[in-house]
Asker: 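Have a look at this one.
Every chain is numbered from 1, with letters handed out A, B, ... down the list of sequences. Hydrogens, waters and symmetry mates are skipped; everything else that's a heavy atom, side chains included, is used.
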2 protein chains.
Amino acid sequence: MEALAEKKKAILESTLQLIQEHGFHGTPMSMVAKKAGVAAGTIYHYFESKERLICELYSHVKQQSLEAMQHADDQALPYQQRFFALWHSLFDFYRDNPSVLIFFEQFVNSPYYTQKPLDPLDAFHKTMRQFFEEGVQQHHLREANPEILAMVVHGSIITTAKVHRHKKLQFGGNDLQQIAQIMWDGMAAR
Amino acid sequence: MEALAEKKKAILESTLQLIQEHGFHGTPMSMVAKKAGVAAGTIYHYFESKERLICELYSHVKQQSLEAMQHADDQALPYQQRFFALWHSLFDFYRDNPSVLIFFEQFVNSPYYTQKPLDPLDAFHKTMRQFFEEGVQQHHLREANPEILAMVVHGSIITTAKVHRHKKLQFGGNDLQQIAQIMWDGMAAR
DNA sequence: CGGGGTTAATTGAATGTTCATTCGGTCGCA
DNA sequence: TGCGACCGAATGAACATTCAATTAACCCCG
């Protein structure tokens, strides 16, 4: 069933691309179809509606983020080193996939996201939380709600990637390391 | 003639409200007109197009954020105290005006924002930067690019407000203080 | 092996709706 | 009488979605 997956994938990826360029609006199904090299009707073979397409794209993209994060984590390393690896690998992922970043942010602030019951099985979120739970339990990090730590760190990564993208600031490797360091110093056990 | 004609203000505020509820798309001009209590044509008396309306709304909203921040800053206080006041006042502003938060985020990730040359006179940004420049110069904060510090702190505020809004986490005052503290500890001079 | 039959995949023109924008006209005021 | 604010029905373009028709994939019986 590979050929089918091909088309579905092409549709998802075209949508992602086009949303980066033209926004959530300004991306008609006809344009998606054209870019994906399929007929308009074909999209409806794979996705019930535009809304469903976008929601599936969200899951797809989130899965990718998770993989980027997990890929870089080597549990054998000391915790602090793992923290920096996590920070940089996620940042790199967002920097190298600006369309993911944009789509993600647009989706989260759209009614699609608010309307849906939040996915309780959200693997990305869960993995992130576990990482910080571990840090707190082992006293590498200060006593704090791991959810909060996860949120703040992920926020710093997203923010940095967004600013980078807009070229408001061009970050050198030192700058990035400094940002990660600020986060670490703020959260580390006293 | 007021600083802003009553109707113009009503249009701006209705747009803000509706975008929170229905998103950037899903907010037709006719709906804005109805909510603002004016005729569709009237909007075009004040705004050239929907795009212009949205861009003006952005400036308007940014101005409000600036005021929220400045309002709380008392330069007579010690720097650290000013930092916490800034963090909390901006957070409170976003928490109490979720429509601003949503709109802001949606706009920044839309093509409207990317297309426009970035406003070099951006007063919000400038005020923020100056605050952190001062902290670095007076050695309250570590040696770092003040732009970066400003970005990271603002990011932490926005992230917290967003998560709060989605009710993923309900923050108590302690939680908030802890987040601000993490940021301070990370940035403070060693 | 082959061909007839069943199902799934794909097409793209047609449909009906929604929307931004326009414009001829009304109203109130100087 | 003139002007600017304001109205809202009318216009035309753009769009999501549908569907009847076409093609490819597969399977089973002879």
Asker: Which nucleotide, C/dA9, D/dC7, D/dT17, lies nearest any side-chain atom of A/Ser49?
Answerer: D/dT17
Asker: Does the B/Thr159 side chain pair with the main chain of B/Ser156, one donor and one acceptor, at a distance under 3.5 Å?
Answerer: no
Asker: Grab the CZ-P distance between A/Phe47 and C/dT10 for me, whole Å please.
Answerer: 12 Å
Asker: Run the ring-ring contact (aromatic ring centres under 6.0 Å, His included) test on B/His166 and A/Tyr113 for me, step by step, so that the C-alpha distance in whole Å, both residues' side-chain angles and the decisive distance to 0.1 Å come before the verdict.
Answerer: CA-CA 10 Å; B/His166 288 302; A/Tyr113 184 61; 4.9 Å; yes
Asker: With B/Glu147, which residues qualify under side-chain contact (heavy atoms from CB on, under 4.5 Å), at least two apart?
Answerer: A/Leu169, B/His125, B/Arg129, B/Asn145
Asker: What's the CD1-C1' distance between B/Ile54 and C/dC19, to the nearest Å?
Answerer: 13 Å
Asker: Counting the benzene-type ring for Trp, do A/Phe93 and A/His88 have ring centres under 6.0 Å apart?
Answerer: no
Asker: May I ask you to establish whether A/Lys9 and A/Tyr46 are in a cation-pi arrangement, using a distance under 6.0 Å from NZ or CZ to the six-membered ring centre and at most 45° from the ring axis?
Answerer: no
Asker: Do A/Trp87 and A/Phe91 have their ring centres less than 6.0 Å from each other?
Answerer: yes
Asker: Please list residues of residues 22-38 of chain A whose heavy atoms come under 4.0 Å from any atom in DNA chain D, ordered by number; otherwise none.
Answerer: A/Thr27, A/Pro28, A/Met29
Asker: To the nearest 0.5 angstrom, please state how far the CD atom of B/Gln75 sits from the CD atom of B/Glu134.
Answerer: 6.0 Å
Asker: Do the two ring centres, one from A/Phe104 and one from A/Tyr58, sit under 6.0 Å apart?
Answerer: yes
Asker: Using a cutoff of under 3.5 Å, can you pull out all pairs of nitrogen or oxygen atoms linking the protein to nucleotides 22-29 of chain C, with atom names and distances?
Answerer:
none

Asker: What integer distance in Å separates B/Leu53:CG from C/dA20:P?
Answerer: 10 Å
Asker: Using a distance-only test with no angle check, is there a side-chain donor-acceptor pair under 3.5 angstrom linking B/Glu133 and B/Gln137?
Answerer: no
Asker: Would a line drawn from the ring center of B/Tyr79 to the ring center of B/Phe131 be shorter than 6.0 Å?
Answerer: yes
Asker: Do A/Lys50's NZ or CZ and the ring of A/Tyr44 fall within the cation-pi criteria of under 6.0 Å and 45°?
Answerer: no
Asker: In whole angstrom, give the distance that lies between atom OH of B/Tyr46 and atom C1' of D/dC6.
Answerer: 8 Å
Asker: Rounded to the nearest 0.5 Å, how far does CZ of B/Arg165 lie from CZ of B/Arg95?
Answerer: 14.5 Å
Asker: Considering only side-chain heavy atoms of B/Lys50, which listed nucleotide, D/dC6, C/dT21, D/dT17, is closest?
Answerer: C/dT21
Asker: Taking only the side-chain nitrogens and oxygens of A/His45, find out if one of them lies under 4.0 Å from OP1 or OP2 of C/dT10.
Answerer: no
Asker: Measure across B/Ala123 and B/Leu66 and return the closest heavy-atom pair with its distance rounded to 0.1 Å.
Answerer: CB-CD2, 3.6 Å
Asker: In residues 103-111 of chain B, what residues come within less than 4.0 Å of DNA chain C, judged by heavy atoms?
Answerer: none
Asker: Measure the distance from CD on B/Glu6 to C1' on D/dA5 and round it to the nearest whole Å.
Answerer: 14 Å
Asker: So for the helix from C/dC1-D/dG30 to C/dA30-D/dT1, with five pairs setting each end axis, what is the inter-axis angle to 10°?
Answerer: 0°
Asker: Rounded to whole angstrom units, what separation is found between the CD1 atom of B/Ile11 and the C1' atom of D/dA5?
Answerer: 12 Å
Asker: Pair up each side-chain donor or acceptor in residues 23-32 of chain A with any protein partner under 3.5 Å, not counting sequence neighbours, and list the distances.
Answerer:
from: A/Thr27; atom 1: OG1; to: A/Gly23; atom 2: O; distance (Å): 2.2
from: A/Thr27; atom 1: OG1; to: A/His25; atom 2: O; distance (Å): 3.2

Asker: Please report the distance, rounded to the nearest Å, between NZ in B/Lys8 and C1' in D/dG4.
Answerer: 16 Å
